[in-house]
Amino acid sequence: MGQGRADLAIKNVFVFYGGSVLKGCICISDGLIAYVGKEANAPKADAVIRAKGLLALPGPIDVHVHLRDEGQAYKEDFFTGTSSAVAGGITTVLDMPNTVPPVDSGRRLLERARKARKAIVANVGFYSLFPPDLEGLVELARAGAVGIKVYFHQPKTKLNISDPEKLREAVLAANELGLPVAFHAEDPLLIEASSARAEGGPVEAFVSSHPPEAEVSAVMTLSNLLRGLKVHICHISTPEGLREAKKAGFTVEATPHHLFLTSDAHARLGPLALMDPPLRPEGAVRDLREALYSGLLDVVASDHAPHSLEEKMGPNPPPGIPGLETMLPLLLNEVAERRLPLAELVRLLCAGPADIFGLDRGRLELGGPADLVLVDLKAKTRIRATDFKSKAKYSPFDGLEVRGLPVITVVNGSLAFREGEVVAEPGLGSVIRPLRAGGRAEA
Ligand code: DOR
Ligand code: ZN
Ligand code: ZN
């Protein structure tokens, strides 16, 4: 490449490319990366972005996002959710299926994807619940599901996954079609037993009925049953759970809130720091962060789970917080403070997610999709939830000062976000599907 004109050149940029940082120029043609290298050798371009020394990274993939919309559009919709993504420097999100109505068939997945397609400004892939019977998995794989999601503590599927044999059979069948199975791992019996003893207000009661042991016990059960299968454990919150999951050969995800906040925040912030699993005491958080620094995690994901402020401040606050606009700044801060190598951030947010879910994204390479984020590793900013593009304008990180800021987000070769504003037209994002044997990547 390098001959012919490019659509867009990003000049005076540092690029994380092939494992190291080089200074030069990135050119984009037809939504693909056409050139990376010295400015002197770059093709001419129709449009130019002067990046003034910003650092370009492959577009991050957030594998755990609740975009809502449809029956829950008042919490978040496809446009606001993906706007929140690109404002947070995220170019691809994987959407969770606990929607209204839920996603549990290929037909439902395609219907949801059709509604999303016109509105999204970031790329979106879709999970499904297990279908009511296993034959439905073929249709789901064909529809482009990125994986199956299991809520182990409150099965939402009509398939009887409380029966261990049935669950193993189901995971095997999904894996055979190339579908990884992602688990919210909490033991329903331990939640039930702890709920019976729980006291205090709604936040206190929720936290005490979702103890660390519920996670550890669920991971042990899954480890005994599914060792060696393609299983992904969502939002790990305990070091013991992480250890057991890794021993079983599972991939493991952690959220910024479980890495950077402790259970103290429950008393301080009440429902605005309520999520499932809840935050954990200092010791567990320290160990989890140590695991992040020593490369034991496979993915960091936000579990962006927006609810309306009225719901959060009401008598029965639902668990869940928005996270798309704080994840990358919080991790860039770890890089800026030299606790996390840049290559690790890229592995956890880009290449790792792409490998687990079989996506042709998350790498900055010639001929690949031009999904990029340009970050400023020196800029100090204060997280301001009232500025979020998400409908959920609150955050337990509100007011925190961080070093490292996404400044420009490029999706499919076009500007999606620039200096505080979402500039993409709805529909810039693509509905994505995994690369499976013989399959194409685009829907
Ligand atoms: O905090 C959470 N919120 N945890 C979940 O498992 C579900 C999610 C939601 O959908 O609100
Ligand atoms: Zn969950
Ligand atoms: Zn979730």
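Heads up: numbering here begins at 1 and tracks the sequence. Read the numbers this way: they start at 1 and go in the same order the structure lists the ligands and their atoms.
Ligand-side atoms of ligand 1 in range of A305: 3 (N), 8 (C), 9 (C), 11 (O), range being under 4.0 angstrom from any heavy atom. Atoms of ligand 1 found under 4.0 Å from any heavy atom of M275 (numbered from 1 in listed order, with element): 1 (O). The H307 neighbourhood of ligand 1 comprises atoms 11 (O), with distances under 4.0 Å to a heavy atom of that residue.
Remark: the D276 side chain and the H210 side chain contain an N/O donor-acceptor pair separated by less than 3.5 Å. With 3.5 Å as the limit, one finds no donor-acceptor pair spanning the side chains of T221 and D187. Side chain to side chain, S237 and E215 meet the donor-acceptor criterion of an N or O pair below 3.5 Å. Looking only at atom types and distance, the side chain of D398 has no donor-acceptor partner in the side chain of S395 under 3.5 Å away. Using a 3.5 Å distance cut-off with no hydrogens or angles, the side chains of Y74 and E311 do pair a donor with an acceptor. For the residue pair S390 / E76, a side-chain donor-acceptor distance below 3.5 Å is found, with atom types taken as modelled. Judged by distance alone, the side chains of E213 and S217 never bring a donor and an acceptor atom under 3.5 Å apart.
In this structure, the protein non-hydrogen atom closest to atom 4 (N) of ligand 1 is D276 O, 2.9 Å. In terms of protein heavy-atom proximity, atom 3 (N) of ligand 1 is closest to P319 O, 3.2 Å. Shortest contact from atom 10 (O) of ligand 1 to any protein heavy atom: N98 ND2, 2.8 Å. In terms of protein heavy atoms, atom 6 (O) of ligand 1 is closest to H184 ND1, 3.0 Å. For atom 9 (C) of ligand 1, the closest non-hydrogen atom of the protein is R68 NH2, 3.5 Å.
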All N/O donor-acceptor pairs, side-chain side in residues 82-91, below 3.5 Å, sequence neighbours left out:
{"residue": "T82", "atom": "OG1", "partner": "F78", "partner atom": "O", "Å": "2.6"}
{"residue": "T82", "atom": "OG1", "partner": "F79", "partner atom": "O", "Å": "3.4"}
{"residue": "T82", "atom": "OG1", "partner": "V121", "partner atom": "N", "Å": "3.0"}
{"residue": "S83", "atom": "OG", "partner": "F79", "partner atom": "O", "Å": "2.8"}
{"residue": "S84", "atom": "OG", "partner": "E325", "partner atom": "OE2", "Å": "2.5"}
{"residue": "T91", "atom": "OG1", "partner": "P60", "partner atom": "O", "Å": "3.4"}

Show which side-chain atoms of residues 265-275 pair as donor or acceptor with protein atoms under 3.5 Å away, not counting sequence neighbours.
{"residue": "H266", "atom": "ND1", "partner": "A273", "partner atom": "O", "Å": "3.3"}
{"residue": "H266", "atom": "NE2", "partner": "L279", "partner atom": "N", "Å": "3.0"}

Return all side-chain donor-acceptor pairs below 3.5 angstrom for residues 191-202, not counting sequence neighbours, or 'none' if the list is empty.
{"residue": "S194", "atom": "OG", "partner": "L190", "partner atom": "O", "Å": "2.4"}
{"residue": "S195", "atom": "OG", "partner": "I191", "partner atom": "O", "Å": "2.6"}

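Around the Zn ion (ligand 2), protein N, O or S atoms at less than 2.8 Å number 2.
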